[in-house]
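The structure under discussion appears below in the form of structure tokens.
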2 protein chains.
Amino acid sequence: MQSPTALAALYRSHGRKVTPQRQLLFQLMHENDQHPTAEALFAEASAQMPGISLRTVYQTLNELAEMGELQFIDIGGGPTRFDPNLDDHHHVVCSDCGHIRDVQVSGAAALHPSGAEDFVINEVGVVFQGVCSSCEKSRAKAGKSPLNKTFTHVYQN
Amino acid sequence: MQSPTALAALYRSHGRKVTPQRQLLFQLMHENDQHPTAEALFAEASAQMPGISLRTVYQTLNELAEMGELQFIDIGGGPTRFDPNLDDHHHVVCSDCGHIRDVQVSGAAALHPSGAEDFVINEVGVVFQGVCSSCEKSRAKAGKSPLNKTFTHVYQN
DNA sequence: GATCTAATTTGCAATTTGTGCTAACAAGAA
DNA sequence: TTCTTGTTAGCACAAATTGCAAATTAGATC
Ligand SMILES: [Mn+2]
Ligand SMILES: [Mn+2]
Ligand SMILES: [Zn+2]
Ligand SMILES: [Zn+2]
């Protein structure tokens, strides 16, 4: 996603208005590597702008996605996560706490599917399932089995 | 997922009962490569067993997942899809119609993330975005741009 | 700066997908 | 056949997101 200033210009060039709500969300999303949910963003935004509505958060995120400035990430059945990182990258998900981390995956672009010769492929996404270090620690302490099921959904494969 | 007969035995060995509803769902899911939604399965099941409840469909699918007999697939924000294919495989999604196709991806198991050295990785999933041949045809006929946005969500990356 | 208009924000209703709960029911053991 | 315990169905509820319309405001125009 571009800088808040660049986005303001982009918005105006699209006949969209640059409101305080949008500017705040531009800031909150810019270089945000947390893959936040709409609710999480709403909470952050509300702290700085009491009264902003969740509806506006969703609306702005949808616009940004429409304009190609961010991506929606749907993994594991929870709420949609939003990703302003437009670089070619992939994700690791902690199956325990749900945290998503950006990762590089060398060789990902070279992957090819066998059995879909009739498809025109546009993109590849790689998702690793794992357990983050902090969850690994608490798991050891609790004497849990290596793969608990806080998350009912088994992520994609 | 195992055969309906094997599942019946497995269920009994777990102290679970083998009901007509479950047997029907075993049949409908066995070797089903459609990655159906719960609603889709419910529709098919209802045709053969009027009165079966959607609740029971969800319940049975959850059980099967718990027993490791099927996977949940969450892509693109729509409803969860269910996958009885336990082989190591990956998916291609048509960004136009949403169809999911099983594919093999040689080299997928060898992929490694850079930037998540503190994670214990358990699984890798590869998802290709593309347009299936039938959508490609209708797209050509309609003179549409190569990537329309019937699906707001940009799938993972 | 005042005026005007179209875009935006809000709040709330509605929708979609899935789960919690429980009374009625039925599998399968005895 | 009886009995116990797991299961089903149905409905209420929850979570996430969108539809809608009245009130507001950005920014163009005068
Ligand atoms: Mn990312
Ligand atoms: Mn599959
Ligand atoms: Zn974690
Ligand atoms: Zn298609």
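Below, chain A is the first sequence line, B the second, and so on; all start at residue 1.
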OP1 or OP2 of [N] under 4.0 Å from side-chain N/O of [X]:
{"X": "T19(A)", "N": "dT25(D)", "value": "no"}
{"X": "R16(B)", "N": "dT5(D)", "value": "no"}
{"X": "Q21(B)", "N": "dA9(D)", "value": "yes"}
{"X": "T80(B)", "N": "dG18(C)", "value": "yes"}

Whichever of P20(A) and Y11(B) has its nearest DNA chain D nucleotide further upstream toward 5':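 Here Y11(B) is the residue nearer the 5' end.
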
Mind calculating the distance between [atom1] ([X]) and [atom2] ([N]) to the nearest angstrom?
{"X": "K17(B)", "N": "dT4(D)", "atom1": "NZ", "atom2": "P", "value": "12 Å"}
{"X": "E63(B)", "N": "dT8(D)", "atom1": "CD", "atom2": "C1'", "value": "11 Å"}
{"X": "R55(A)", "N": "dT8(C)", "atom1": "CZ", "atom2": "P", "value": "13 Å"}
{"X": "F42(A)", "N": "dA15(D)", "atom1": "CZ", "atom2": "P", "value": "15 Å"}
{"X": "L61(B)", "N": "dT8(D)", "atom1": "CG", "atom2": "P", "value": "12 Å"}
{"X": "I52(A)", "N": "dT25(D)", "atom1": "CD1", "atom2": "C1'", "value": "15 Å"}

Residue from V103(B), N85(B), D83(B) passing side chain to side chain contact (heavy atoms under 4.5 Å, CB included) with H91(B):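 Output: one option passes, namely D83(B).
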
Reference residue R81(A); test side chain to side chain contact (heavy atoms under 4.5 Å, CB included); the match among T37(A), I75(A), D74(A), V93(A):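 Between R81(A) and the candidates, side chain to side chain contact (heavy atoms under 4.5 Å, CB included) is satisfied uniquely by T37(A).
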
Among dG27(D), dT18(D), dT8(C), the nucleotide that comes nearest once only the side chain of N62(A) is considered: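 Of dG27(D), dT18(D), dT8(C), dT18(D) is nearest to the side chain of N62(A).
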
Could you tell me whether [X] contacts a base, only the sugar-phosphate backbone, or nothing, with contacts defined as non-hydrogen atoms closer than 4.0 Å?
{"X": "Q59(A)", "answer": "base"}
{"X": "T56(A)", "answer": "base"}
{"X": "L54(B)", "answer": "nothing"}

Path from V120(B) to V127(A) over hydrophobic side-chain contacts below 4.5 Å: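 In one cluster with V120(B): V127(A), no.
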
Charged N-O contact under 4.0 Å between R101(A) and D33(A):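 No salt bridge links R101(A) with D33(A).
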
